[in-house]
Amino acid sequence: MTLDEATKYIQTCARQMNDRYGKVVFNEWAILSLAQQKARILSYVGPRNDDFLKNFANDLGALRAELLDGKYNIGDFEFARHGVGTGFEAFIVLGEGLYLICNNTNASMEDITKDPKWLNAQVPFAELSDKIGLDPLVVSGGANTSFFKKT
């Protein structure tokens, strides 16, 4: 899939998760390339346009080992149960060296999962993961600019 297609699928997933949960689950969604040991933002929607990449290393927190481990296949995902503040709550492997980072800058996964609506809100996330597994994101070499959109 293309970056535009992935972005549309992610927007649909976010909307469906929020509808099922009754409020915003993740207010920050970023597609990253970690190719060649360098983080590059390919798409970003969230409240921290200027600070997201600057704080990336610190915000990886509990997901750092999993994200950089390489044991995950395309479509696999992971949650950090104790991420707080700007610490990232989840990721999905989108393609070779490509990741979707999901975060709620106002609540932790522990807070989010306390609500019983969380179980139903996970369904669109799992469906997105399945879709990615069947049709991974492929980014051409020309995608060097970052896209920022404030929500």
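All residue numbers refer to positions in the sequence shown, counting from 1.
- Using a 4.5 Å heavy-atom cutoff, the side chains of Tyr9 and Leu128 are in contact.
- Taking CD1 of Ile10 as the reference point, atom CZ of Phe26 lies at 12.0 Å (rounded to 0.5 Å).
- For the atom pair Leu100 CG and Leu42 CG, the distance stands at 11.0 Å (nearest 0.5 Å).
- Heavy atoms only, all atoms of each residue included: Pro47 and Asn27 are closest at CD-O, 3.4 Å.
- When atom types are taken as modelled, the side chain of Glu5 and the backbone of Thr2 share a donor-acceptor pair closer than 3.5 angstrom.
- Between Val93 and Tyr99, some side-chain heavy-atom pair lies under the 4.5 Å cut-off.
- Here the side chains of Phe125 and Cys102 are in contact, with some heavy-atom distance below 4.5 Å.
- Taken from CG in Asn49 to CD1 in Ile41, the straight-line distance is 9.0 Å, to the nearest 0.5 Å.
- Residues Val123 and Arg20 come closest through the heavy atom pair CB-NH1, 3.2 Å.
- With rounding to the nearest 0.5 angstrom, the CD1 atom of Ile101 is 5.5 Å from the CZ atom of Phe88.
- Taking 4.5 Å as the limit, some side-chain heavy atom of Leu94 sits within range of a side-chain heavy atom of Ile31.
- Taking each heavy atom of Pro136 and Gly95 in turn, the nearest pair found is CB-CA, 4.4 Å.
- For the atom pair NZ of Lys54 and CZ of Arg48, the computed distance is 10.0 Å after rounding to the nearest 0.5 Å.
- Side-chain N or O atoms of Tyr44 include none that pairs as donor or acceptor with a backbone N or O of Phe52 at under 3.5 Å.
- Put simply, the side chain of Asn18 gets close to the backbone of Val25: a donor and an acceptor are under 3.5 Å apart.
- Val24 and Trp29 fall into different hydrophobic clusters, defined by Ile, Leu, Val, Met, Phe, Trp and Tyr side-chain heavy atoms under 4.5 Å apart, directly or through other members.
- We find the OG1-CH2 distance between Thr113 and Trp118 to be 7.5 Å, quoted to the nearest 0.5 Å.
- The ring of Phe79 has its center no closer than 6.0 angstrom to the ring center of Phe91.
- Between the side chain of Asp115 and the main chain of Ile112, no donor-acceptor pair closer than 3.5 Å is present.
- Checked by atom type and distance alone, the side chain of Glu89 pairs as donor or acceptor with a backbone atom of Asn104 at under 3.5 Å.
- A heavy-atom distance below 4.5 Å is found between the side chains of Ile132 and Met1.
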Would you please test Arg15 and Thr12 for side-chain contact (heavy atoms from CB on, under 4.5 Å) and show each step?
CA-CA 5 Å; Arg15 187 172 47 256; Thr12 298; 3.4 Å; yes
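- The side-chain hydrogen bond (donor to acceptor under 3.5 Å, both in side chains) check on Asp111 picks up Ser108, with sequence neighbours excluded.
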